[in-house]
Amino acid sequence: MEKVERDNGTSSWEFLLLGMGNVPSLQTPLFLLLLMIYLVTVVGNILIIVLVVTDQHLHTSMYFFLGNLSSLETCYSSTILPRLLASFLTGDGTISARGGIAQLHFFCSFAVSECYLLAVMSYDRYLAICQPLLYASLMTWKVSLKLAAASWLVGFLISTVVTSFLSHLKFCGPKEIDHFFCDFILLLELACSDTSVVRLLAFTLSLLDIVFPFLFTVASYACIIAVIRNIPSSVGRQKAFSTCSSHLTVITVFYGTLIIVYMLPRTPQLRQLNKVFSFFYTVLTPLVNLLIYSLRNREVREALRRVLRKALAISRAQNIAVPGS
């Protein structure tokens, strides 16, 4: 049986995702918690997208990028949580090798796109604060559209290159993956082919898809902070900082957990801790980002109030019209 699976390679192999751990008493609470997180994340991000599209006050480059970020967060969560929720319901944690590689492909694609989009958003804030007189001419709708499209495209291309090489590997090791999704490093550990080329490729591309946008983002905010510190009035400094505080918080949360996950040593003692941090940046980060931009952003809150007032007015008008018809 093992020989057949070796010969067929990826096509006949299945992995067993161990998920969050085999504790029967926690299955139902975890399912309900994850379902609530997923629903709030998806509905909340879709609401932000609708607000950005429909409210004219949010028709700026900053909120255009925010709408793209919300789209990424929705897709990002949907690559992992539905499969994890299904495993809680059915008790079946198996996933085919092709299914696992497909999950990894979309997950990496959206994660890399988010890295670049966060860098684009930091550049937008840099222009708005450091080059305010040139902002309107430099950050036009055409430029904004190209930058957002490039973020999505780069993520898709880099992920496609890595997973295409990964799909040619043969898997003949143990089937169990002690995680709740098919992480790249864990898949490499199960391969019986030579993984040196894939590892080198992944390391090289990681410099482009994580390190470069991270350093670009840090450089942008270093310039922003330097300019804000030179503003003479405290009110002016506070106003300038408030325009980028939400984005800076999102960057700190996203990169902080991402760096911890992939810099943490892969030892058996730290495996569970690694899983906890992975859970944070794959499941909780999209929810935290949503709360940051919805609760801390005054313009988003005001746009939501305007939409609710308009919907309430329409509802009252319909109720008044019905009795007299």
What are the two closest non-hydrogen atoms of [X] and [Y], and how far apart are they?
X: Gln27; Y: Phe88; answer: OE1-CD2, 3.0 Å
X: Ala128; Y: Tyr135; answer: N-CD1, 3.4 Å
X: Ile292; Y: Thr249; answer: CD1-CG2, 3.4 Å
X: Cys182; Y: Leu104; answer: O-CD1, 3.4 Å
X: Leu51; Y: Val300; answer: CD1-O, 4.1 Å
X: Leu208; Y: Pro213; answer: O-CD, 3.1 Å

Please report the interatomic distance [atom1]([X]) to [atom2]([Y]), rounded to the nearest 0.5 Å.
X: Leu145; Y: Thr140; atom1: CG; atom2: OG1; answer: 9.5 Å
X: Ile95; Y: Lys175; atom1: CD1; atom2: NZ; answer: 14.0 Å
X: Leu89; Y: Thr28; atom1: CG; atom2: OG1; answer: 9.0 Å
X: Tyr123; Y: Cys223; atom1: OH; atom2: SG; answer: 11.5 Å
X: Ile158; Y: Asp209; atom1: CD1; atom2: CG; answer: 4.5 Å
X: Ile129; Y: Tyr126; atom1: CD1; atom2: OH; answer: 11.0 Å

Between [X] and [Y], does the ring centroid distance fall short of 6.0 Å?
X: Phe156; Y: His105; answer: yes
X: Phe181; Y: His179; answer: yes
X: Phe106; Y: Tyr76; answer: no
X: Tyr116; Y: Trp152; answer: no

More than 12 heavy atoms of other groups within 6.0 Å of [X] [atom1]:
X: Glu302; atom1: CD; answer: yes
X: Phe280; atom1: CZ; answer: yes
X: His57; atom1: NE2; answer: no

Are [Y] and [X] linked, directly or through intermediate hydrophobic residues, by side-chain heavy-atom contacts shorter than 4.5 Å (ILVMFWY only)?
X: Val198; Y: Val161; answer: yes
X: Leu153; Y: Leu69; answer: no
X: Leu207; Y: Leu201; answer: yes
X: Ile49; Y: Leu66; answer: no
X: Leu138; Y: Leu133; answer: no

Is any side-chain heavy atom of [Y] closer than 4.5 Å to one of [X]?
X: Thr217; Y: Phe212; value: no
X: Ser278; Y: Phe180; value: yes
X: Leu18; Y: Ile177; value: no
X: Ile46; Y: Val43; value: no
X: Phe15; Y: Leu187; value: yes
X: Ile37; Y: Leu33; value: yes
X: Val253; Y: Leu284; value: no

Parallel, tilted or perpendicular for Phe64 and Trp141, by the 30°/60° rule?
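Because their plane-to-plane angle is over 60°, the rings of Phe64 and Trp141 count as perpendicular.
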May I have the step-by-step check of side-chain contact (heavy atoms from CB on, under 4.5 Å) for Ile224 and Tyr221, ending in yes or no?
CA-CA 5 Å; Ile224 290 172; Tyr221 271 99; 3.9 Å; yes
Looking only at side-chain N and O atoms, does [Y] offer a donor or acceptor that is under 3.5 Å from a partner on [X]?
X: Ser122; Y: His247; result: no
X: Ser144; Y: Ser61; result: yes
X: Ser78; Y: Tyr38; result: yes
X: Tyr63; Y: Asp55; result: no

Step by step, work out the side-chain contact (heavy atoms from CB on, under 4.5 Å) result for Met62 and Arg125.
CA-CA 8 Å; Met62 175 181 173; Arg125 291 300 85 204; 3.7 Å; yes
Checking the side chain of [X] only, and the main-chain atoms of [Y] only, is there a donor and an acceptor separated by less than 3.5 Å?
X: Thr285; Y: Thr282; value: no
X: Ser77; Y: Thr74; value: no
X: Ser113; Y: Phe110; value: no
X: Gln103; Y: Thr79; value: yes
X: Thr195; Y: Ala191; value: no

Test side-chain contact (heavy atoms from CB on, under 4.5 Å) on Leu147 and Met139 and set out the steps.
CA-CA 10 Å; Leu147 289 173; Met139 190 57 71; 4.0 Å; yes
Could you please spell out the steps behind the side-chain contact (heavy atoms from CB on, under 4.5 Å) verdict for Ile185 and Glu189?
CA-CA 6 Å; Ile185 296 176; Glu189 292 177 354; 4.0 Å; yes
